[in-house]
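Since this is a predicted model, take the numbers as computed values, not measurements.
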Amino acid sequence: MPVIEVRGLRKTYGDKVAVDDVSLTVEPGEVYGVLGRNGAGKTTTVEAVAGLRNPDAGTLSVLGLDPRRDRARVRQILGVQLQDAELHSALTVHELVRLHRSFYRGGADPEELIDRVGLTDRRRTRFENLSGGQQQRLNIALALVGRPRVVILDELTTGLDPEARRGMWAMVERLRDGGVTVMLVSHHMEEVERLCDRVALIDKGRVAAVDTPAGLIARSGLDQQVRFRTAEPFDTAVLDRLDEVDAVRLDGDQVVATGSGNLLHAVSTALVGAGVTALDTRFERATLEDAFLTLTGSRFDGEA
């Protein structure tokens, strides 16, 4: 049984259609990414999954439970970290984690969890005195305090420095290794490529594509490129006849070979065999951002 199932979700705000016929299926134990530009409908979708938005049409389930009708039961199995969560400003980190721990029949040790999210030296600090990144870490701790079987993380690493960001990535990997299913909304391409087993590209309220990060890049049909210079002119037929090479062209003083497969190795081997010395060699491959642009027709603006 899918852990999260969304069928025909639709949500409007006045005349604006935020989500239009979105269908998603999240399997047990996977990290499922939701990627889209500003206003694409990502947050509305995950808030509906969490039972925080009442859809105009469609059905949703979390481990077979309806997020609205079975709200109390869903809260015991689903942890949610959303952007701009409002917490009691006068309570300390320690007090907030202990308070939220009391909402669950079972759960994590508050002290251990505070340490895991890197707030050990801020446990006695009031929420209002935390930096934006520290508030984000606290929100993540609160999402995990009930030891949920399913977690929604909306912009997990917003406001975190590179070291803290990688620490959070490692935490998500440990959650997956422990069998927790994660739904991750993110605008960090590196984050999505590293963590997500599958990714849904959301564009203008609809699902444009669902696949692994590598699968989305492959589906975009974008080629790899090897760029290099040579000290002396050479016959590009050396590269044209390679199975991995689709085309060879000149770009100023650079030779550009495009293709697929193990392109860099094939080009390098052919050049060495022909006695050609390549200078300033650079390998480029299509990125997830390139795939997003190709598959949706919309430029990714990096906005959460």
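Between the side chain of Asp280 and the backbone N or O of Arg229, no donor-acceptor pair lies under 3.5 Å. Between the Glu5 side chain and the Gly64 main chain, no donor and acceptor come within less than 3.5 Å of each other. Using a distance-only test at 3.5 Å, with no hydrogens or angles considered, no donor-acceptor pair links the side chain of Glu244 to the main chain of Val267. A distance-only check finds no donor-acceptor pair linking the side chain of Arg137 to the backbone of Leu119 [under 3.5 Å]. Side-chain atoms of Thr287 come within 3.5 Å of backbone atoms of Asp290 as a donor-acceptor pair (strictly under, hydrogens ignored). Remark: side-chain polar atoms of Thr258 are not paired, donor with acceptor, to backbone N or O of Gln225 under 3.5 angstrom. One N or O on the side chain of Gln136 and one on the backbone of Glu155 form a donor-acceptor pair closer than 3.5 Å. Side-chain atoms of His188 never come within 3.5 Å of backbone atoms of Glu190 as a donor-acceptor pair (strictly under, hydrogens ignored). Judged by distance alone, with hydrogens and angles left aside, the side-chain atoms of Arg176 form a donor-acceptor pair with the main-chain N or O of Leu195 at under 3.5 Å. Formation of a donor-acceptor pair under 3.5 Å by the Glu112 side chain with backbone atoms of Asp109 is not found in this model.
At least one side-chain heavy atom of Leu216 sits under 4.5 Å from a side-chain heavy atom of Leu201. Between Arg37 and Asp203 the shortest side-chain heavy-atom distance falls below 4.5 Å. Between Leu184 and Val172 the shortest side-chain heavy-atom distance does not fall below 4.5 Å. In this structure the side chain of Leu52 reaches within 4.5 angstrom of the side chain of Leu82, judged on heavy atoms. Counting heavy atoms from C-beta on, the side chains of Val199 and Phe292 never come closer than 4.5 Å. Residues Arg10 and Val17 meet the side-chain proximity criterion, which asks for heavy atoms closer than 4.5 Å. With a 4.5 Å cut-off on side-chain heavy atoms, Thr277 and Glu232 do not count as touching. With a 4.5 Å cut-off on side-chain heavy atoms, His94 and Glu111 count as touching.
Between atom CZ of residue Arg98 and atom NE2 of residue His100 there is a gap of 13.5 Å, rounded to the nearest 0.5 Å. Interatomic distance, Arg166 CZ to Met171 CE, rounded to the nearest 0.5 Å: 15.5 Å. For the atom pair CD (Glu27) and CZ (Arg198), the distance works out to 6.0 Å, reported to the nearest 0.5 Å. Residue Leu96 holds its CG atom at 10.5 Å from CD of Gln135, rounded to the nearest 0.5 Å. In this structure, CD1 in Ile140 is found 11.0 Å from CG in Asp154, a value given to the nearest 0.5 Å. Here the straight-line distance linking atom CG of Asp240 with atom CG of Asp235 works out to 8.0 Å at 0.5 Å rounding.
When all heavy atoms are compared, the tightest approach of Thr44 to Val19 is CG2-CG2, 3.6 Å. Heavy-atom minimum distance, Val192 versus Ser186: CG2-CB, 3.9 Å. Shown here for Val151 and Leu153, the closest heavy-atom pair between the two residues is CG1-CD2, 3.4 Å. Taking each heavy atom of Lys11 and Asn54 in turn, the nearest pair found is NZ-O, 2.9 Å. Val62 and Ile77 get closest at one heavy-atom pair: O-CD1, 4.1 Å. Residue Gly107 comes nearest to Arg147 through the heavy atom pair O-NE, 3.2 Å, listed as atom of the first residue, atom of the second, then distance.
Other residues, nucleotides and ligands contribute at most 12 non-hydrogen atoms within 6.0 Å of the CZ atom of Arg126. Surrounding CZ of Arg149 are at most 12 heavy atoms belonging to other residues, nucleotides or ligands under 6.0 Å away. Shown here is Arg123, whose CZ atom has more than 12 heavy atoms of other residues, nucleotides or ligands within 6.0 Å.
Under the 4.5 Å side-chain heavy-atom criterion for grouping Ile, Leu, Val, Met, Phe, Trp and Tyr, Val272 is not connected to Leu239 through any hydrophobic cluster. A single hydrophobic cluster is seen to contain both Tyr104 and Leu175, as judged by linkage of ILVMFWY side chains at heavy-atom distances under 4.5 Å, directly or through other members. Residue Val185 is not grouped with residue Val182 when hydrophobic side chains (ILVMFWY) are merged at heavy-atom distances under 4.5 angstrom, including chains of intermediate members. Cluster annotation: Val6 is connected to Val207 through the hydrophobic network of ILVMFWY side chains, with a link wherever side-chain heavy atoms come within less than 4.5 Å. Hydrophobic clustering (side-chain heavy atoms under 4.5 Å, transitive across Ile, Leu, Val, Met, Phe, Trp, Tyr) groups Leu78 together with Val34.
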**Report entry** Candidate pair Val238 and Val276, rule side chain to side chain contact (heavy atoms under 4.5 Å, CB included), full reasoning
**Finding:** CA-CA 10 Å; Val238 169; Val276 177; 5.8 Å; no
Query - Verdict with reasoning, Arg122 to Ile114, per side chain to side chain contact (heavy atoms under 4.5 Å, CB included) - result: CA-CA 9 Å; Arg122 292 289 183 268; Ile114 289 169; over 6 Å; no
Report task. Decide side chain to side chain contact (heavy atoms under 4.5 Å, CB included) for Leu264 and Thr281; before the verdict, give the C-alpha distance in whole Å, the side-chain angles of both, and the deciding distance to 0.1 Å. Result -> CA-CA 9 Å; Leu264 178 60; Thr281 301; 4.2 Å; yes
Requested in this report: Tell me, with the steps shown, if Leu24 and Ile4 meet side chain to side chain contact (heavy atoms under 4.5 Å, CB included).
Outcome: CA-CA 8 Å; Leu24 304 170; Ile4 297 174; 6.0 Å; no
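Using modelled atom types and a 3.5 Å distance limit, the side chains of Thr25 and Arg7 yield a donor-acceptor pair.
Evaluation of the side chain to side chain contact (heavy atoms under 4.5 Å, CB included) rule for Arg282 yields Arg227, Gln254, Glu284 as partners, not counting sequence neighbours.
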